[in-house]
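Encoded as structure tokens, the structure appears first; notes follow it.
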Amino acid sequence: MRKQIVAGNWKMNKTFSEAEILITEIADALDEADLKNAEVVLCPPALYLEMTTDVAFESNFKVGAQNIYPEDSGAFTGEISPLMLKELNVSYCIVGHSERRKYFNESHEFLKRKVDSLLKNNISPIFCCGEVLPEREANRHFDVVKNQLEESLFHLPEEEFMKIVVAYEPVWAIGTGVTASKEQAQEMHSFIRGLISSKYDTTTADETTILYGGSCNGKNAAELFSQPDVDGGLIGGASLKAEEFLQIATSF
Ligand code: PEP
């Protein structure tokens, strides 16, 4: 049975003291929440990872980073390595978010290196894929997502691929308030599972968690998560409010 996950991507939001309050609010709410089998993951800015893992140690959530540089150490001023995260008990790291692809020009090849260096340090990549609006309008969205997976993930042997979480995030839905319909999400998730099945096998495909991301909120999460191939969400804006985030996390 594959994992259901709700991961909050805080992006570059919250001051230290605001983050402390939000983490505590979420941890307290999780103590009372009925998550069924779902796992909650918080991905705060790197500066707050240690504080977050400290709280997570006593609570019911896992911690993810938003980014790494794909080397264990070295002369890479300003960067953070997966080896550093490993010692902090960080379990996940977002890779291939559309904001990093767009603003930091991250290539398929660079994302592949990030995936490899995370896996080497036992951290599961949450690998984001998804098309921009003109690509969907030109009916190229399946090809775009296929290419993203092939170029940065499909070099992995099966036992390593099993540690990947895929997040389908149509770029036109991220931070826009426009959510993919449940049919659009299901169609792409089923396509992704089919690709994994063709590349590896049906067991690997059935065991892979595929999240939806893009303006997912307390109102639409239950409908999206009810789709057979949608195993949870990667949540941006709505993960910054404890009550709404908890509503999403309990939407299965
Ligand atoms: C995201 O950035 O991964 C995301 C899904 O953002 P939002 O939920 O705000 O659309």
Side-chain angles (χ1 to χ4, degrees), residues 5-14 19 40-49 52 62-70 78-82 85 90-119 121 123-136 141 144-153 156 163-180 185 188-189 192 208-217 224 230-240 245 248:
I5 297 175
V6 170
N9 173 15
W10 291 13
K11 312 193 191 193
M12 196 177 71
N13 289 300
K14 302 288 176 191
V40 168
V41 181
L42 300 189
C43 305
L47 192 59
Y48 313 147
L49 281 170
T52 313
K62 298 268 195 256
V63 180
Q66 294 178 18
N67 188 34
I68 47 104
Y69 189 81
E79 297 296 315
I80 288 171
S81 84
L85 298 184
V90 167
S91 311
Y92 294 96
C93 181
I94 299 170
V95 176
H97 193 283
S98 62
E99 288 150 15
R100 296 215 59 94
R101 291 180 192 262
K102 180 176 173 189
Y103 301 127
F104 303 94
N105 297 317
E106 295 194 356
S107 66
H108 298 311
E109 182 56 34
F110 190 57
L111 299 179
K112 182 180 176 182
R113 285 179 55 203
K114 288 191 176 193
V115 165
D116 290 345
S117 66
L118 285 163
L119 290 172
N121 286 289
I123 297 169
S124 288
I126 300 177
F127 183 83
C128 303
C129 56
E131 78 287 356
V132 295
L133 191 57
E135 290 166 339
R136 178 164 278 266
H141 45 300
V144 168
V145 168
K146 181 169 185 251
N147 188 246
Q148 289 170 335
L149 299 184
E150 282 177 349
E151 294 294 323
S152 304
L153 287 186
L156 294 170
K163 299 172 192 158
I164 301 285
V165 172
V166 177
Y168 170 55
E169 298 209 305
V171 182
W172 46 269
I174 297 180
T176 58
V178 180
T179 316
M188 183 59 87
H189 283 228
I192 292 170
T208 302
T209 298
I210 308 178
L211 308 180
Y212 167 79
S215 298
C216 184
N217 57 40
L224 287 159
V230 178
D231 307 315
L234 179 55
I235 318 298
S239 72
L240 296 170
F245 185 60
I248 298 170

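This one's a predicted model, so the numbers in the text were calculated from it and none came from an experiment.
The backbone N or O of Phe245 sits nowhere less than 3.5 Å from a side-chain atom of Ser239 that would complete a donor-acceptor pair. Side-chain N or O atoms of Thr179 include one that pairs as donor or acceptor with a backbone N or O of Ser215 at under 3.5 Å.
A 4.5 Å side-chain heavy-atom check between Ile94 and Cys128 finds at least one atom pair inside the cut-off. Annotation: side chain of His97 is not in contact with side chain of Asn67 (no heavy-atom distance under 4.5 Å). Looking only at side-chain heavy atoms (C-beta outward), Leu49 and Pro44 come within less than 4.5 Å of each other. Residues Leu85 and Asn121 fail the side-chain proximity criterion, which asks for heavy atoms closer than 4.5 Å. Taking the side chain as every heavy atom from C-beta outward, Arg101 and Leu111 approach each other to under 4.5 Å. The side-chain heavy atoms of Cys129 and Ile192, taken from C-beta on, include a pair separated by under 4.5 Å. Side-chain contact between Asn217 and Ile235 is absent, with no heavy-atom pair separated by less than 4.5 Å. Ile123 places none of its side-chain heavy atoms less than 4.5 Å from the side chain of Ile68.
In this structure, CG in Leu149 is found 11.0 Å from CG in Leu156, a value given to the nearest 0.5 Å. Of the inter-residue distances, the one linking Ile174 atom CD1 with Leu234 atom CG reads 8.0 Å to the nearest 0.5 angstrom. Residue Tyr103 holds its OH atom at 8.0 Å from OG of Ser98, rounded to the nearest 0.5 Å. Distance check: Tyr69 OH to Arg113 CZ gives 5.0 Å after rounding to the nearest 0.5 Å. Interatomic distance, His141 NE2 to Leu133 CG, rounded to the nearest 0.5 Å: 11.0 Å.
Contact record, Pro170 with Gly213: CD-O, 3.3 Å, taken as the closest heavy-atom pair. Listed here is the closest heavy atom pair of Pro70 and Ser117: CA-OG, 3.3 Å. The shortest heavy-atom contact between Leu118 and Pro82 is CD2-CB, 4.0 Å. Among all heavy-atom pairs drawn from Tyr168 and Gly130, the shortest one is CE1-CA, 3.9 Å. In terms of heavy atoms, Cys216 sits closest to Ala238 at O-CB, 3.6 Å. For the pair Asn13 and Pro45, the tightest heavy-atom approach, listed with the atom from each and the gap, is O-CG, 3.7 Å.
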task: Let me see the working for Leu42 and Val63 under side chain to side chain contact (heavy atoms under 4.5 Å, CB included), right down to the final yes or no.
output: CA-CA 5 Å; Leu42 300 189; Val63 180; 5.5 Å; no
- prompt: Given Leu119 and Ile164, is the side chain to side chain contact (heavy atoms under 4.5 Å, CB included) satisfied, shown in steps?
  reply: CA-CA 9 Å; Leu119 290 172; Ile164 301 285; 4.3 Å; yes
task: Evaluate side chain to side chain contact (heavy atoms under 4.5 Å, CB included) for Asn147 paired with His108, printing each intermediate quantity in order.
output: CA-CA 9 Å; Asn147 188 246; His108 298 311; 3.3 Å; yes
Can you give the donor-acceptor pairs under 3.5 Å from side chains of residues 5-12 to other protein atoms, not counting sequence neighbours?
residue: Asn9; atom: OD1; partner: Lys11; partner atom: N; Å: 3.0
residue: Lys11; atom: NZ; partner: Glu99; partner atom: OE2; Å: 2.7

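With sequence neighbours excluded, the residues forming a side chain to side chain contact (heavy atoms under 4.5 Å, CB included) with Val144 are Glu131, Glu135, Arg140, Gln148, listed by chain and number.
Between Tyr212 and His189, the angle of the ring planes lies from 30° to 60°, which puts this pair in the tilted group.
The number of heavy atoms from other shown groups lying within 6.0 Å of NZ (Lys14) is above 12.
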